Amino acid sequence: MTDPFDLPEPRDLWRYFLALSRIPRPSGREEAAARWVAEEARALGCEVERDGVGNVLVRKPAAPGRADRPGVALQAHLDMVCEKNGGTVHDFDRDPIRVVRDGDAIRAVGTTLGADDGIGVAAAMAVLASRELRHGPLEALFTVDEETGLTGASALRPGWLRARYLLNLDSEEEGELTIGCAGGLDTVATRRLALSAPPPGARALRVEVTGLRGGHSGTDIGAGRGNSLRVLAQLLDAVLARLPVRLAALEGGAKRNAIPREASAVLLVSPADEPRLATLVAAEEAAGRAALGAFDPGLAIRLHPAAAEAVLSPEDARALVGLLLAAPTGIEAMSPDIPGLVQTSTNMGVASTRGGVAEVTFLTRSSVEPSRAALAARVAAVARLAGFEPRHDAGYPGWKPEPGASLVGLVDGVHRATFGRPMVVKAIHAGLECGLIGEKHPGLEMVSLGPTVLDAHTPDERVGVASVAAFARLLGAVLEAA
Ligand SMILES: [Zn+2]
């Protein structure tokens with residue numbers, strides 16, 4: 001491990017990356033980084049514009065003789081995910097990231113590196129600084145707050161970019177070309193609960209569903225994993241139909257954008273019914289394990305002593321369990337364009353009965369806008385049938401893959417000519433800034449590319465020197481060919 005290390009090739013890119021790493025840039029607090037980008041670009045003789053939320057747009061004229069070429073915009077986000085190891089002392093609002101070289105890998109000491117998307121920012125800066133590249137009219141768009149809400153891209157002014165092509169520099173697998181993403185829409189369904197005192201003589205027991213793998217509600221939704229809320233609902237449906245138990249509370253899932261791994265419910269049971277409850281729990285655990293198999297082998301359902309101060313009415317309990325049982329969750333449709341890509345899905349992510357209100361949250365995704373709206377409407381319809389009131393947020397748009405678009409052929413052709421092999425063309429079932437940028441620039445062709453970044457969003461984040469060099473070589477060749 002060397003610190004500081006000699007700059008690898010391409011030296012301009014790494015010089016910009018190290019300079020950027022000295023500037024704190026957590027999501028929502030990118031002002032210093034935005035100012036740095038703007039000042040560097042002005043010093044290079046480029047035209048710089050800022051918008052109200054802090055995005056920076058840089059324009060650089062074409063190289064001599066290239067003014068008639070189609071305009072290309074490079075795009076990267078300025079913010080970074082701030083995660084550190086337990087023992088690391090680091091203030092992300094003040095301290096520079098300590099970047100070190102470890103063989104081929106560049107990483108940080110105890111913190112995220114910010115290669116996501118600092119390498120994209122540095123690559124764009126190196127292109128702005130280059131006097132050798134024979135590119136056409138060039139723009140570089142640096143956005144704020146990608147990681148926590150895509151708010152920089154959402155606030156973009158329609159038509160701000162003049163380019164015909166946009167290269168998003170935020171992908172994390174060298175040799176892959178991303179050409180589509182999913183839009184998202186949150187739905188929160190609520191129902192006010194009628195609570196009453198627990199029946200006398202009943203014992204409170206907590207039934208807990210644990211051991212599921214969970215995962216990202218978009219990219220892992222097709223992996224066949226169990227949803228703890230659905231597993232719990234199946235059990236409660238059987239219990240409420242067979243035993244005179246009362247539901248006192250229900251809780252499950254941590255984030256709307258994660259497949260829920262755990263869920264629990266507090267039941268009030270007469271001591272005489274406890275053995276039958278235990279039998280139903282064991283049967284549901286066996287059924288769940290048989291259904292999930294190797295997709296999610298760790299499922300466990302257990303009963304523990306608990307306490308309860310109030311119980312839901314039987315109607316409220318049936319409504320909540322019915323919604324959790326009947327609402328769509330998981331894959332709705334696969335893509336006809338990209339083999340293996342989930343096109344439309346929803347994730348029943350969080351449920352609770354806190355504060356006298358039952359609340360269930362869904363995140364619906366699709367790369368096809370009308371399909372997303374249709375599935376979200378179905379989620380809302382099931383919620384209404386269960387006596388809940390569903391509310392949708394504004395959502396963000398997807399980016400429909402067009403494998404035959406001319407920019408896809410251009411970048412793939414340059415990759416073949418440069419490295420002797422085609423790119424892996426793919427789309428992701430999660431949000432990217434391209435969805436929002438495309439919505440504001442109809443007709444703009446976009447692709448996303450980048451070097452291989454490993455363990456992004458964790459303190460193990462690292463990027464390979466060789467991979468960055470290959471990425472920079474591809475980027476330069478694409479700009480000369482466009
Ligand atoms: Zn990123």
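All heavy atoms count here, side chains included; hydrogens, waters and symmetry mates do not. Numbering of residues begins at 1 and proceeds along the displayed sequence. Small disclaimer: the values here were computed from a predicted structure and weren't measured. Read the numbers this way: they start at 1 and go in the same order the structure lists the ligands and their atoms.
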Quick one: which of D93, D145, D79 gives a side chain to side chain donor-acceptor pair (under 3.5 Å) with R29?
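For R29, the side chain to side chain donor-acceptor pair (under 3.5 Å) test succeeds with only one of D93, D145, D79, which is D93.
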Under 6.0 Å from the ring centre and within 45 degrees of the ring axis: does the NZ or CZ of R473 meet both conditions for the six-membered ring of F419?
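Positive - R473 is close enough to the ring of F419 and near enough to its axis.
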At a threshold of 2.8 Å, where the distance has to be below it, does the Zn ion (ligand 1) have an N, O or S atom of E146 nearby?
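Of the N, O and S atoms in E146, none lies under 2.8 Å from the Zn ion (ligand 1), which means no.
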Rounded to 10°, how many degrees is the angle OD1/D170-the Zn ion (ligand 1)-NE2/H77?
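With the Zn ion (ligand 1) as the vertex, OD1 (D170) and NE2 (H77) sit 100° apart.
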From NE2 (H415) to CG (L177), nearest 0.5 Å:
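The distance works out to 9.0 Å.
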Would you indicate whether R134, at its atom CZ, is surrounded by more than 12 heavy atoms from other residues, nucleotides or ligands within a distance under 6.0 Å?
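Open.
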Restricting to N, O or S atoms of D116, which is nearest to the Zn ion (ligand 1)?
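Among the N, O or S atoms of D116, the one closest to the Zn ion (ligand 1) is OD1.
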